[in-house]
Amino acid sequence: MAGSTDRDDPDRDALVEQVLDLVEAVPPGRVTTYGLLADAVGFGGPRWVGRVLATSGAAVPWWRVVRADGSLPPSHRRSAVAHYLEERTPVRTDASGAVQRVDLPAACWLPPR
DNA sequence: GGGTTGACCAATG
DNA sequence: TCATTGGCCAACC
């Protein structure tokens, strides 16, 4: 019984809001990683966090979320770089001045447990 | 019901 | 530093 509406699970939606809330909580000039957010919510995995931002992250500063090695989001790295320069986020530049990745050890922000 | 994809991570060479 | 491999979890067709 209980025809559960699997696509209307409140728990899942709560986790999504939790992730979005953490992303919004990232201060300017700082960045976090998908794995950190996944660990902060203690659910799903880094891949699931990426999917959340891809589907419902349009309302949050997704550019402050990068990969574990500091690489930029493969889909919008060019746009993200513009935001990093705007927020003065420490980034690593190439010999030609092209931003390759974020200086993670200097900008790594740990989400509140 | 099952295979593929994806804004991923860690380890290895 | 880069490329490859295996594993992880959820959504899509």
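Quick note: numbers below take in every heavy atom, side chains included, and nothing from hydrogens, waters or symmetry partners. A, B, ... follow the sequence lines: proteins, then strands. Residue 1 opens every chain. If you're wondering where the values come from, they're calculated on a predicted model, not measured in any experiment.
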Just the rounded figure in Å: distance from [atom2] of [N] to [atom1] of [X].
{"X": "A:Tyr34", "N": "C:dC8", "atom1": "OH", "atom2": "C1'", "value": "16 Å"}
{"X": "A:Leu72", "N": "B:dA7", "atom1": "CG", "atom2": "P", "value": "15 Å"}
{"X": "A:Leu53", "N": "C:dA11", "atom1": "CG", "atom2": "P", "value": "14 Å"}
{"X": "A:Trp62", "N": "B:dC8", "atom1": "CH2", "atom2": "C1'", "value": "17 Å"}
{"X": "A:Asp39", "N": "B:dA10", "atom1": "CG", "atom2": "P", "value": "10 Å"}
{"X": "A:Leu37", "N": "C:dC8", "atom1": "CG", "atom2": "C1'", "value": "16 Å"}

So what does A:Ala68 touch, heavy atoms closer than 4.0 Å: a base, only the sugar-phosphate, or nothing?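 It contacts sugar-phosphate atoms only.
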Using the P atoms only, state how far B:dA7 lies from C:dG6, rounded to an integer number of Å.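 Their P atoms lie roughly 22 Å apart.
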Between residues 44-52 of chain A and DNA chain C, which residues have a heavy-atom gap below 4.0 Å?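 Here the set is A:Gly44, A:Arg47, A:Trp48, A:Arg51.
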Salt bridge (charged side-chain N to carboxylate O under 4.0 Å, His left out): pairs with one or both residues in residues 37-55 of chain A, sequence neighbours excluded: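 For residues 37-55 of chain A: none.
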Does A:Gln100 or A:Phe43 map to a spot on DNA chain C nearer the 5' end, using the closest nucleotide for each?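 Whichever sits nearer the 5' end wins; that is A:Gln100.
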Please step through side chain to side chain contact (heavy atoms under 4.5 Å, CB included) for the pair A:Val81 and A:Leu72, ending with a clear verdict. CA-CA 8 Å; A:Val81 171; A:Leu72 275 39; 3.5 Å; yes
Evaluate the side chain to side chain contact (heavy atoms under 4.5 Å, CB included) criterion for residues A:Leu22 and A:Val41: first the C-alpha distance (whole Å), next the side-chain angles of each, then the deciding distance (0.1 Å), finally the verdict. CA-CA 9 Å; A:Leu22 287 172; A:Val41 298; 4.3 Å; yes
Under 3.5 Å donor-acceptor, A:Thr55 side chain and A:Val52 backbone: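 Checking the backbone N and O of A:Val52 against the side chain of A:Thr55, a donor-acceptor pair under 3.5 Å is found.
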Between B:dA7, B:dC9, C:dT1, which one does the side chain of A:Arg67 approach most closely?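 The answer is B:dC9, which lies nearest to the side chain.
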Hey, could you give me the CD/CG distance between A:Gln18 and A:Leu37, rounded to the nearest 0.5 Å?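 Going from CD on A:Gln18 over to CG on A:Leu37, the span is 10.0 Å.
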Distance-only check: which donor-acceptor pairs under 3.5 Å involve side-chain atoms of residues 97-108 of chain A, not counting sequence neighbours?
none

Members of residues 81-93 of chain A that approach DNA chain B, where some heavy atom sits under 4.0 Å away: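 Hits under 4.0 Å, by residue number: none.
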Please tabulate, for side-chain N and O atoms in residues 23-33 of chain A, each donor-acceptor pair with protein atoms closer than 3.5 Å (sequence neighbours left out).
from: A:Thr32; atom 1: OG1; to: A:Trp109; atom 2: O; distance (Å): 3.3
from: A:Thr33; atom 1: OG1; to: A:Leu36; atom 2: N; distance (Å): 3.2

Mind jotting down which residue pairs meet the ring-ring contact (aromatic ring centres under 6.0 Å, His included) criterion with at least one end in residues 80-106 of chain A? Sequence neighbours excluded, please.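 Qualifying pairs, neighbours excluded: A:Trp63-A:His83.
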How about A:Val66 and A:Tyr34: do any of their side-chain heavy atoms sit closer than 4.5 Å?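 In short, these two side chains do not touch, never coming nearer than 4.5 Å.
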